[in-house]
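Bear in mind that the values here come from a model prediction, so they are computed numbers and not experimental data.
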Amino acid sequence: MDYSEVIEFVKKTTSENDSTGSYPFNNRYEHTMRVYRWAIRLQAKLGGDLDVIVLAALLHDVGWDAERPHNEVSAEIAVEYLDSIGVDPEMIVKVGEIIMVHEDKDTDKDLSLECRIVMDADLLDEVGAIGIMCNCMATALEDEASYKRAYYRIKDYYRTNKPNISRCKTDTARNEYNKRIQIIENFIYQLEREIF
């Protein structure tokens, strides 16, 4: 399957209904593309239906509405779009189901491999160097921004995210999550040596 048309749809749709919250540098399209790349890496190691995984990863955050959960809105948009381009109905159902549950990272339900991969890809984008960058940029937008304020923010981010390894649905993602937590630990250690 050629994903370029889907990627263009995601780019256009997220730009029309983007919700960056209080941080203008948060971009759902860029997040989606990182999740897409993580999903492909995980699928290469774990298997599963590549088309289902890629379509769900690309469309998982395509919708946003202040009144409704974004997974519901995204699933509706994804199902309608995939139907309009002639995707097999069984595949559409699988993709829609994954998008509906992708936010429930603490679920203990029996999930398909494809669903676990998309959930893990989404989770992996929230931790590591990208998280450090996000926290630095967020600190820069605050009043009285400083390296120390960024340090404390990153340290809090680390404390909050380290336990989230339990949310990983595959051993492959857990291994990668550990590596990314180690990046944060090393960064904090080095930053402490340089600013205190």
Side-chain angles (χ1 to χ4, degrees), residues 14 19-48 50 53-54 56-61 69-71 74 98-99 101-142 145-196:
T14 56
S19 170
T20 60
S22 54
Y23 301 124
F25 54 83
N26 273 349
N27 181 295
R28 266 187 309 129
Y29 174 71
E30 291 175 7
H31 160 71
T32 296
M33 296 311 293
R34 292 189 303 268
V35 171
Y36 161 68
R37 289 188 293 274
W38 273 116
I40 289 173
R41 289 181 202 132
L42 292 171
Q43 189 277 340
K45 293 180 179 182
L46 297 168
L50 180 63
I53 291 166
V54 167
L58 285 172
L59 297 164
H60 81 284
D61 276 353
H70 85 278
N71 57 315
S74 295
I98 291 169
I99 294 170
V101 301
H102 85 272
E103 269 305 288
D104 190 8
K105 305 284 194 291
D106 294 318
T107 187
D108 57 0
K109 292 179 183 173
D110 186 25
L111 304 168
S112 68
L113 176 59
E114 292 82 5
C115 187
R116 290 182 284 138
I117 286 172
V118 172
M119 290 173 87
D120 282 351
D122 194 30
L123 187 62
L124 287 169
D125 184 51
E126 298 172 3
V127 69
I130 199 84
I132 293 169
M133 189 74 142
C134 176
N135 281 285
C136 289
M137 292 175 76
T139 303
L141 295 175
E142 296 174 355
S146 70
Y147 292 146
K148 283 186 179 179
R149 287 186 72 155
Y151 161 79
Y152 288 116
R153 186 182 183 109
I154 292 164
K155 200 157 183 180
D156 185 55
Y157 158 79
Y158 168 76
R159 271 193 302 275
T160 302
N161 282 278
K162 187 173 183 183
N164 287 344
I165 191 166
S166 65
R167 296 171 133 197
C168 292
K169 306 298 182 204
T170 65
D171 290 337
T172 303
R174 269 186 287 283
N175 184 39
E176 188 59 44
Y177 199 94
N178 267 331
K179 289 179 192 174
R180 297 171 76 75
I181 285 293
Q182 190 62 54
I183 289 169
I184 303 168
E185 287 176 359
N186 293 341
F187 182 85
I188 289 170
Y189 171 76
Q190 187 61 42
L191 194 56
E192 285 171 347
R193 294 183 68 205
E194 293 182 21
I195 64 174
F196 292 107

_Basic-acidic side-chain contact under 4.0 Å: Glu142, Arg153_ =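 Salt bridge between Glu142 and Arg153, a charged N being under 4.0 Å from a carboxylate O: yes.
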
Drop me the distance from [X]'s [atom1] to [Y]'s [atom2], to the nearest 0.5 angstrom.
| X | Y | atom1 | atom2 | answer |
| --- | --- | --- | --- | --- |
| Ser146 | Tyr151 | OG | OH | 12.5 Å |
| Leu50 | Glu114 | CG | CD | 10.0 Å |
| Ile184 | Lys179 | CD1 | NZ | 15.0 Å |
| Ile188 | Ile183 | CD1 | CD1 | 12.0 Å |
| Asp125 | Tyr36 | CG | OH | 15.0 Å |
| Asn164 | Leu124 | CG | CG | 11.5 Å |

*Taking atom CG of Asn186 as the centre, report whether more than 12 heavy atoms of other residues, nucleotides or ligands fall under 6.0 Å from it.*
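Buried by this count: over 12 neighbours within 6.0 Å.
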
_Tell me if the OH atom of Tyr189 is crowded by more than 12 foreign heavy atoms within 6.0 Å._
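Not more than 12 within 6.0 Å, no.
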
*Under the side-chain contact (heavy atoms from CB on, under 4.5 Å) test, which residues partner Asp156, sequence neighbours left out?*
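Arg159, Thr160.
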
*Taking only residues two or more places apart in sequence or in another chain, which ones pass side-chain contact (heavy atoms from CB on, under 4.5 Å) with Met133?*
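Partners of Met133 by the side-chain contact (heavy atoms from CB on, under 4.5 Å) criterion, ordered by chain and then number, come out as Met137.
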
Sequence neighbours left out, cut at 3.5 Å: what donor-acceptor pairs do the side chains of residues 116-123 make with other protein atoms?
unit_1: Arg116; atom_1: NE; unit_2: Leu111; atom_2: O; d: 3.4
unit_1: Asp120; atom_1: OD1; unit_2: Lys169; atom_2: N; d: 2.7
unit_1: Asp120; atom_1: OD2; unit_2: Lys169; atom_2: N; d: 3.2
unit_1: Asp120; atom_1: OD2; unit_2: Thr170; atom_2: N; d: 2.9
unit_1: Asp120; atom_1: OD2; unit_2: Thr170; atom_2: OG1; d: 2.7
unit_1: Asp122; atom_1: OD1; unit_2: His31; atom_2: NE2; d: 3.0
unit_1: Asp122; atom_1: OD1; unit_2: His60; atom_2: NE2; d: 3.4
unit_1: Asp122; atom_1: OD2; unit_2: Lys105; atom_2: NZ; d: 2.8

Test item: [X] side-chain N/O and [Y] main-chain N/O as donor-acceptor pair under 3.5 Å:
| X | Y | value |
| --- | --- | --- |
| Ser166 | Pro163 | yes |
| Asn27 | Glu30 | yes |
| Gln43 | Gly48 | yes |
| Arg174 | Cys168 | yes |
| Asn175 | Asp171 | no |

[X] and [Y]: which non-hydrogen atoms are nearest, and at how many Å?
| X | Y | value |
| --- | --- | --- |
| Ala57 | Thr32 | O-CG2, 3.7 Å |
| Tyr177 | Asn161 | OH-O, 2.6 Å |
| Val101 | Cys115 | CG2-SG, 3.3 Å |

_Note, Phe196 side chain near Leu191 side chain (heavy atom, < 4.5 Å)_ =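 Side chain of Phe196 against side chain of Leu191, heavy atoms only: no contact under 4.5 Å found.
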
*Between Tyr147 and Glu194, does a side chain to side chain contact (heavy atoms under 4.5 Å, CB included) hold up when you go through it step by step?*
CA-CA 10 Å; Tyr147 292 146; Glu194 293 182 21; over 6 Å; no

*Compute the centroid of each ring, for Phe187 and then for Tyr158, and state whether the two points are separated by less than 6.0 Å.*
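Distance test on ring centres: not under 6.0 Å, no.
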
*Do Val54 and Ile40 pass the side chain to side chain contact (heavy atoms under 4.5 Å, CB included) test, and can you show the C-alpha distance, the side-chain angles, and the key distance before you say yes or no?*
CA-CA 7 Å; Val54 167; Ile40 289 173; 4.0 Å; yes

*Evaluate side chain to side chain contact (heavy atoms under 4.5 Å, CB included) for Leu59 paired with Ser74, printing each intermediate quantity in order.*
CA-CA 7 Å; Leu59 297 164; Ser74 295; over 6 Å; no

*Lys162 and Glu185: salt bridge (Lys or Arg N to Asp or Glu O under 4.0 Å), yes or no, with the steps?*
CA-CA 10 Å; Lys162 187 173 183 183; Glu185 287 176 359; 3.5 Å; yes

_Could you tell me if Tyr152 and Lys148 have a donor-acceptor pair between their side chains, going purely by distance under 3.5 Å?_
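Per modelled atom types, Lys148 and Tyr152 side chains form no pair under 3.5 Å.
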
*For His70 and Asp61, test the side chains for any donor-to-acceptor distance below 3.5 angstrom and give the result as yes or no.*
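A donor-acceptor contact under 3.5 Å links the two side chains.
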
